[in-house]
Structures are given as C-alpha cells and as structure tokens.
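Taking it in order: structure first as structure tokens, then the write-up.
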Amino acid sequence: VTALTDILAPASPAVAGAGDAALDLPVEARSGAWLARGVAMFGRAALLLLFASLSGFLVIRLLPADPALVILETRSVPATPETLAQIRIHWGLDRPLAMQYLTWLGGFVIGNWGTSFRTGEPVARALLERLPLTAAIGFGGLALAFMAAMPLGTLCCRRPGIDAAVRAVAVGAQSIPIFVLGLLAIWLLAVEWRLIKPFSGTEMPRLLVPIGLIFLARLGRLTQLYRRALIEAAGEPFFRTALAKGFTPAQAVATQARRFGLLTLSGALVAECGWAIGGTAVVEVLFGLPGIGQFVVESIAARDYPVLQAYVMLTAAMMAMVNLAAHAARLALDPRQRPDVRA
Amino acid sequence: MLFSIALAVALLGRIACAAEPAIVVVQPFLAGTLDPAVSTEAWALQSHGIAETLFTVAPDGTVVPQIAESAEAADNTSWTVRLHSDWRFSDGTPVDVAAVRASLLDGTERNPLAVSQTGKIEIDVLNPLTFRIRTAKPVPAMRSVLAEYFHVVHKWEGDRIVFTGPYRVTQFRKDDRIELEPNPFSPQPGRRAPVVVRKLVDAQARALALESGDADLAFQLPPESLDRLRGHGIRIDSTLVGYQYLLFLNGKRPGLSERPVRQAIDLAINRAALVAALRGGEIATGFYPNFYRFAARQPRPYDPERAARLLDEAGWKRGPDGIRAKSSDRLAFTLLSVTQAAEYGYMALLIKDDLAKIGIGIDVKGVERSLPFLMAGDFDIGFNFTHAAPGGDPAFVLEQFFRSTGPRNYAKVPLPGLDAVLDELAQSPEPDKRGALARKAQAIIFEQAPAVFLMTPVWHTGLSARLPGYKPYPSDYYIVQADMGLAP
C-alpha cells in the first residue's frame with residue numbers, strides 16, 4: 001500500500017500482455033476459437049431469454065388477483081360473473097395458459113408485444129418510448145459513478161482522509177433507502193434553498209437530480225471496489241515485476257494495477273445494472289418521471305400482463321447484453337481469458 | 001363601433017389569459033390514454049375536466065343533469081333522454097342526438113366494462129334533441145348509469161378525440177402531464193387560466209411540490225405533512241369523501257356464523273379512535289358517508305360492555321388466555337389487512353386491542369390485495385375500502401355486497417328480508433323512495449352485522465394562494481373543476 005502513496009503520475013505506454021503469445025497460433029485456430037466462444041455466448045443468451053420468457057410468464061400468472069379482478073376492485077365496476085367473463089375474453093385470458101404463452105411468445109419474436117390492458121397502447125411502443133429516459137437516469141448515473149470511481153479510488157489509496165470520507169458515503173448511501181435520499185434532496189434543493197424546480201420545467205434540468213442520486217448511491221461502493229483492487233494488485237507478482245523492470249509505482253499502477261481495477265469494476269457491472277433497474281424505478285416514481293420504471297410499477301398493481309411479460313424480456317435482454325459487454329471488457333483487459341490464448 | 005370594442009375586449013382578455021401562468025395540479029394518477037373506451041381510463045378524463053357525461057353527481061351525492069336535460073322511464077329497460085340544446089364539443093360543433101348516440105355506442109361496443117350495468121344498449125333517435133335508450137338488463141336508475149364515466153360524451157375527428165369538458169387538451173405526455181386550455185365553448189373561457197395536470201404518485205413528493213412553489217394544487221396529501229404546509233401559508237382543505245372503510249365478517253366461519261358474535265364485534269370497535277389514528281374522518285353511520293341524502297343519521301354505536309354481555313349470553317366464556325371459547329370453538333380470528341397503505345395497519349392494531357378487551361383474539365395478516373381472499377371466501381375478517389355510491393345511487397353497493405346472490409357477498413350471512421327490499425328498490429325510480437328503501441336495507445344489515453362499517457375518511461388538498469375559492473369535490477372524480485381557473 002505504501003508503494004502507492006506517490007502515484008498519480010502520467011501513464012506510460014502499456015506493458016506487453018500475455019495475449020501476445022496468441023500471435024504464435026495459426027490464424028484459422030484463432031478465428032475458430034473466437035467463433036466457438038461467440039456462438040456459445042450467444043447460445044447461452046438465447047437460452048436465458050427463453051427461460052426468462054417462460055419463468056416470467058408463470059410467475060406473473062401466479063400473482064394473486066388477475067387483472068379482471070383488479071379492475072373491478074379499483075373502479076367500482078359490478079363484479080358479476082358475466083362481467084368478469086367478458087373482460088377475460090376481451091383480454092384473451094379465457095384460453096388455456098399454454099396457448100396464451102405460445103401466442104404471446106410468437107408475437108413477441110416478430111415484434112408484436114401485445115396491447116396494454118391498462119392504457120390500450122401497444123406495449124412495444126409504450127416501453128420503447130419510455131426507455132430513453134430510464135436509460136438516461138440509470139445508465140447515466142452509473143456511468144458517471146464508474147468514471148468517478150477510478151480517480152477517487154486511486155486518491156483513496158493515497159489519502160486516508162478521503163478514504164474515510166468515501167467509506168462514509170458508501171455506508172450512508174447503502175444504508176439509506178434511495179427514496180429517502182431523494183426526498184431529502186428535493187427538500188433541501190427545492191424547498192429550503194430554492195435552487196431547482198424538480199417538478200416543472202424542461203426535461204434535462206429535471207433529470208439532473210435523479211441522475212445525481214443514482215451516481216451518489218453507487219459512487220461509494222464502486223470507489224471502494226476500485227481501491228481494494230488497486231491494493232490487491234500491489235501485492236501481485238506482475239506488479240512487483242513491473243517495479244523490478246524499472247517502472248515507478250505510479251507507472252505500475254497506471255499500466256498494471258489500473259487494468260486489474262477495471263477488471264474488478266467490469267465484474268461488478270452486471271450487479272450494478274441490476275441495482276440500477278430497481279433504483280431508477282424508485283427515482284422515477286419520486287420525481288414523477290415518465291420512464292419505464294414508473295410505468296411498470298403501475299402495471300404490477302394493475303396486473304397488466306402484456307406489459308409485465310415484455311418488461312421481463314426487455315430486462316433479461318438488457319442484462320444479457322450487459323453480461324456480454326462485461327465479458328468483452330474482461331477479454332480486452334485480461335488477455336489470458338481470450339479464447340485464442342486458451343486454444 | 002360596439003362590435004369593435006367587444007372584439008378588442010375579447011382579444012385583450014385572450015392576451016391576458018395567454019400571459020397568465022398555468023395552474024399546476026399534482027395528483028397521484030393521470031389518464032393513460034385519451035381514448036375513453038379503454039378500460040377505466042374515462043374516469044381520469046372526467047376527473048381532469050376534459051370529459052363530461054349526460055348526468056353527473058353533485059357534491060351532495062344527488063344526480064343532476066349535465067349534457068342531458070332529463071331522462072324519463074317508459075319502463076325498466078327503456079328511457080327517453082332529452083339533451084340540452086346549447087351544449088357544444090370543444091371544437092364548437094353542437095352536441096346533438098346523433099353525436100351522443102355515436103358516442104354511447106362507441107364506448108359500449110369497444111369496452112365490455114361499459115355494459116356491466118345495462119347489458120347491450122340500443123338507441124333510437126326521436127328528434128335532434130331526444131333519443132330513446134333501450135337496455136338488455138333492467139335499469140331502475142338510468143340517470144346514475146349515464147353519470148358513469150364509461151359514458152363520457154366524445155367524438156372522433158380522424159384519429160383525434162374531441163370532448164365537451166371545461167378544458168381541452170393541448171399537450172398529452174403519457175405518465176407525466178396533460179396540458180389544458182379552457183374550452184372556448186364553455187362558460188368564461190377568457191377569464192380562466194390554463195391548467196397543467198402533473199402525475200406525482202408519491203404523496204410526500206406532492207407535498208414538497210406544493211411547498212417548493214412547483215404546484216398550486218396538491219391532491220391527497222399525507223396527514224403528517226399538513227402542519228408543515230400550513231406553516232408555509234398553504235391552505236389545506238380536508239374533505240369527507242364518498243368512500244368507506246369496512247370489515248366483512250365471514251359468516252361461514254365458526255363463531256362468526258353466530259349473530260351475537262358479529263354484533264359484539266360491531267359494538268366493540270372504538271371508531272372514534274380509528275378516526276383519530278387516521279387524523280381525520282367521521283365515524284360511519286352505515287354504508288354511506290353522511291352527506292348522502294340516503295345515509296343513516298346516527299353514528300354506529302360503541303358499547304364494549306354490551307358486546308361482552310352478548311358474548312356471555314351466547315355461551316362464549318373466557319379461557320385462561322383471555323380468549324373466549326365454547327365447546328371446541330375459540331373466538332380467535334385472522335384479520336386480513338392490506339399492506340399497500342399504512343392506514344390499514346394502524347386500524348388493524350386498534351381493532352385488535354378493542355376485540356381483545358371483550359375476549360376475541362385477532363391475528364393480523366397483511367396481504368397486498370384483499371380481494372382474491374374475499375372472493376374465494378378465504379378469510380375470517382377482512383378490510384374493504386369502497387366507494388359507497390358510484391353514480392350517486394345507493395343500490396349499487398347493496399346489490400354487490402349484500403344481496404344473497406350478490407357477486408361480492410363476501411360475508412355469506414343470511415339477511416332475512418333484504419332481497420325483497422332490493423327487488424323493490426330495483427323497481428323504484430323515484431329518488432326519495434329509493435333513499436327510504438336504502439335506509440330500510442341498511443337496518444336489516446345492521447341487525448345481522450355481516451359487515452362492520454368503520455369510518456368515512458377525509459382527503460387533504462393543499463392549495464396555493466392562486467386558488468382561494470377552490471372547494472374539493474368529495475372524491476377523486478372531479479379534481480380539475482370548471483371554475484378553478486377563474487380569475488377572482
């Protein structure tokens with residue numbers, strides 16, 4: 001750890017990685033290994049999506065109270081058996097479950113994601129219209145947190161005071177629910193200090209605080225992850241080798257330990273995205289933002305099956321893509337994991 | 001000359017109006033679509049001041065004419081409806097019989113929920129202002145049915161829908177806001193400010209929006225925010241609403257199948273404590289909030305001593321654990337509470353304490369929704385929260401919850417004589433007689449106690465200085481009102 005205290009010097013050119021050994025293999029073997037890995041990964045992703053479609057369908061149908069009952073409960077509609085039967089026929093809920101699933105899956109594959117029971121709009125359009133805002137909040141906040149975690153994590157290694165502060169932020173952000181953080185932010189910024197107008201005005205300024213909340217909620221944890229990775233890297237043989245080759249500790253961190261830290265962050269990417277999906281929904285509800293999160297929260301209450309089923313698929317597809325991206329990042333950062341090297 | 005002056009005044013009025021900032025309303029719901037035939041979305045369109053019905057329900061619960069002038073019964077399945085001659089859509093075209101016919105048929109043909117009370121409807125045009133509506137099911141109170149949100153009057157202009165309400169839509173952003181301008185063909189359009197209805201599901205966020213100056217009207221504020229808001233000079237109007245909290249007692253369960261046990265539960269609950277716990281409201285007088293003309297007038301009694309005597313006389317003796325028992329049966333029940341809203345939790349704890357005092361044990365079980373359990377009969381005692389007179393008519397809830405074959409007769413307690421009263425109610429169009437019959441039906445229900453009517457809640461509305469005269473309607477049916485943007 002002490003070797004890291006004088007870092008923060010400009011980075012030097014990268015040290016050659018183990019991936020160079022792959023250059024000794026024939027081109028066909030390298031291409032074949034990459035192809036096999038790609039096919040396996042996409043195959044797994046397709047299976048995951050199929051599994052998600054079936055399990056999501058079943059879990060949603062197991063929720064107590066079907067949509068017909070919910071609508072009769074909420075809006076004073078006569079709950080006669082005839083009315084219930086008419087609604088179920090209208091929504092196609094009178095058919096056998098297997099047929100409902102296969103019809104929906106067939107439609108989903110060709111882009112017909114059904115019609116929302118609650119709003120009557122096509123589900124694909126409803127979700128895709130709301131996606132940019134949700135992505136801006138969730139991924140925007142996460143991306144900022146990832147970017148800030150690296151310099152801050154490095155700084156934490158040098159300055160115990162900053163480290164303590166970041167730890168406090170991490171513990172605070174993880175122990176205080178995000179809706180409480182959000183209410184506090186609105187109260188301070190909008191009511192007490194009159195700095196923002198979170199519920200009026202144009203879109204972009206309204207998004208700043210929600211993005212900031214996601215950023216703040218994840219910054220501490222990611223910084224701690226990165227800092228721990230740098231410290232671990234300092235004890236690794238490759239780091240000591242770099243020092244023995246004449247690199248300064250700052251250069252060794254910039255070229256070797258940083259790569260190790262990035263690998264750790266890429267490993268956390270999937271879990272962080274999973275958190276961001278839930279966190280973004282809470283923030284959207286709190287700030288009244290018309291994203292997917294708020295739409296889905298209301299669709300759960302209304303048992304809006306087509307929306308929920310499509311949302312499960314969208315989330316599964318997004319997580320599969322994030323997984324692929326994280327894997328690609330790991331391949332780029334750690335040549336030993338490349339298929340042609342293993343081959 | 002006079003015409004020029006009038007034109008100038010009108011123009012100036014419009015310019016002044018255009019310069020006036022919009023009144024911002026924050027509330028927990030927003031129409032998901034402008035199509036009134038989708039699910040129950042027309043309800044929100046009516047609440048936003050966009051759409052209107054032929055009849056409407058006044059704040060005192062009476063059904064009054066709106067677009068229609070009158071509705072006279074030929075018999076229980078045929079009514080003659082006459083329209084006002086001067087009503088217009090927000091594009092200026094007149095609301096005539098042809099337009100109303102097309103609207104009613106469009107709504108009922110595309111939405112199965114819309115025909116739940118009437119069955120299939122047919123409409124004969126008698127003249128440009130009069131039509132006859134024929135229903136597949138008997139309808140004793142057609143004015144109430146035509147006041148239902150399913151029947152908002154609308155017309156299609158290409159892919160655009162035009163309504164008749166006091167405001168018309170200028171921008172609709174799903175799940176975010178609806179921007180409205182005064183309908184130029186409704187009264188005093190030049191004197192009314194535009195309105196923006198914003199959706200904020202979280203109650204604390206609504207309070208903060210009002211406090212920060214981002215909103216002029218915040219609907220359904222949390223009670224804990226009221227003192228703070230008043231401290232900021234915000235006016236709070238707390239209004240009794242047409243909804244009612246009640247408990248259903250499952251008459252198929254041992255113990256609860258006995259009338260004295262049900263009556264004892266009814267007597268043992270301190271409703272005043274429930275009202276205090278929820279920081280507002282009124283003790284129930286019966287199924288209907290007391291502002292309805294057909295409501296019972298006396299608050300439901302609280303008499304734990306009499307409750308204990310009833311149980312003693314019925315042979316229920318306290319055991320060593322304080323819980324009463326008879327033979328192998330114990331008076332220990334599960335109370336089905338609802339986790340979606342905190343008030344059920346507060347009430348459940350108080351009810352548990354009250355019933356423990358007379359030797360009835362309660363185990364509180366929280367569920368996301370009570371309806372599936374109630375419908376399946378899988379409960380001992382279950383909470384319910386329902387509008388007591390949708391459409392302003394007393395028969396709806398009695399038919400639903402207490403007729404022996406009612407689709408929501410959760411309690412399944414025999415109520416001697418009630419079906420006959422409801423039959424008579426179904427044949428009686430005259431409002432006073434309907435009120436008397438509703439009170440008679442309630443007396444039978446009180447005697448058998450299949451349900452415990454708890455309290456009528458209040459909803460709190462926060463208002464900025466821009467809305468000095470606004471009076472909330474006693475439910476969520478009409479939040480944006482025709483005169484709310486009227487300059488003082």
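Values below: every heavy atom of this structure, side chains too, minus hydrogens, waters and symmetry copies. Chain letters run A, B, ... following the sequence lines, proteins first, then strands; residues in each count from 1.
- Ranked by heavy-atom pairs under 4.5 Å with chain A, the first of B/G406, B/S39, B/S116, B/A31 is B/S116.
- When the candidates B/E41, B/H232, B/K174 are compared by the number of heavy-atom contacts under 4.5 Å with chain A, B/K174 comes out ahead.
- The distance from the CD1 atom of A/I186 to the CD atom of B/E211 is 11.0 Å, given to the nearest 0.5 Å.
- There is no contact between B/E399 and chain A, counting heavy-atom distances below 4.5 Å.
- Within a 6.0 Å radius of CH2 in A/W275, other residues, nucleotides and ligands contribute more than 12 heavy atoms.
- Between A/L183 and B/A205, the shortest heavy-atom distance links the atoms CD2-N, 4.2 Å.
- Neither the backbone nor the side chain of B/V196 comes within less than 4.5 Å of any heavy atom in chain A.
- Both the backbone and the side chain of A/R118 come within less than 4.5 Å of a heavy atom of chain B.
- Residues B/D176 and A/P290 share a closest heavy-atom pair of CB-CG, 3.5 Å.
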Carefully, step by step, assess A/R206 and B/D214 under the rule salt bridge (charged side-chain N to carboxylate O under 4.0 Å, His left out). CA-CA 12 Å; A/R206 278 174 66 198; B/D214 256 5; over 6 Å; no
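- Heavy atoms closer than 4.5 Å to chain A are found in both the backbone and the side chain of B/Q204.
- To the nearest 0.5 Å, the span separating NZ on B/K199 from CG on A/L289 amounts to 11.5 Å.
- Under a 3.5 Å cut-off, the side chain of B/R198 and the backbone N or O of A/G288 do form a donor-acceptor pair.
- We find the CG-CE distance between A/L69 and B/M375 to be 5.0 Å, quoted to the nearest 0.5 Å.
- Note: A/E129 CD to B/R173 CZ = 9.5 Å, rounded to the nearest 0.5 Å.
- Of the atoms belonging to A/Q86, heavy atoms from both backbone and side chain fall under 4.5 Å from chain B.
- Neither the backbone nor the side chain of B/F29 has a heavy atom closer than 4.5 Å to any heavy atom of chain A.
- Of the listed residues (A/F179, A/W91, A/F199), the greatest number of heavy-atom pairs within a distance under 4.5 Å of chain B belongs to A/F199.
- How far OG of B/S212 is from CD1 of A/I196: 8.5 Å, rounded to the nearest 0.5 Å.
- Residue contact with chain A, scored on non-hydrogen atoms closer than 4.5 Å, involves the side chain of B/F396 exclusively.
- In this structure, the portion of B/R110 lying under 4.5 Å from any heavy atom of chain A is its backbone and not its side chain.
- For B/F172, the CZ atom counts as densely surrounded, since its 6.0 Å shell holds more than 12 non-hydrogen atoms of other residues, nucleotides or ligands.
- Residue B/P372 comes nearest to A/P64 through the heavy atom pair CG-C, 4.1 Å, listed as atom of the first residue, atom of the second, then distance.
- Residue contact with chain B, scored on non-hydrogen atoms closer than 4.5 Å, involves the side chain of A/T83 exclusively.
- Neither the backbone nor the side chain of A/E284 comes within contact range of chain B; no heavy atoms are under 4.5 Å apart.
- Residue A/A301 touches chain B through both its backbone and its side chain, counting heavy-atom pairs closer than 4.5 Å.
- Among B/L371, B/T33, B/V397, B/L113, the residue with the largest count of heavy-atom pairs under 4.5 Å with chain A is B/L371.
- Here the shortest heavy-atom pairing between A/L286 and B/L200 reads O-CD2, 3.7 Å.
- With a 4.5 Å cut-off on non-hydrogen atoms, B/F373 does not touch chain A at all.
- If you measure heavy-atom distances from B/R206 to chain A, you find no contacts under 4.5 Å at all.
- Between B/E368 and A/R303, at least one side-chain N (NZ, or NE/NH1/NH2) sits under 4.0 Å from a carboxylate O, which counts as a salt bridge.
- With a 4.5 Å cut-off on non-hydrogen atoms, A/I89 does not touch chain B at all.
- Using a 4.5 Å heavy-atom cutoff, the side chains of B/V201 and A/E298 are in contact.
- If you measure heavy-atom distances from A/F117 to chain B, the contacts under 4.5 Å come from the backbone alone.
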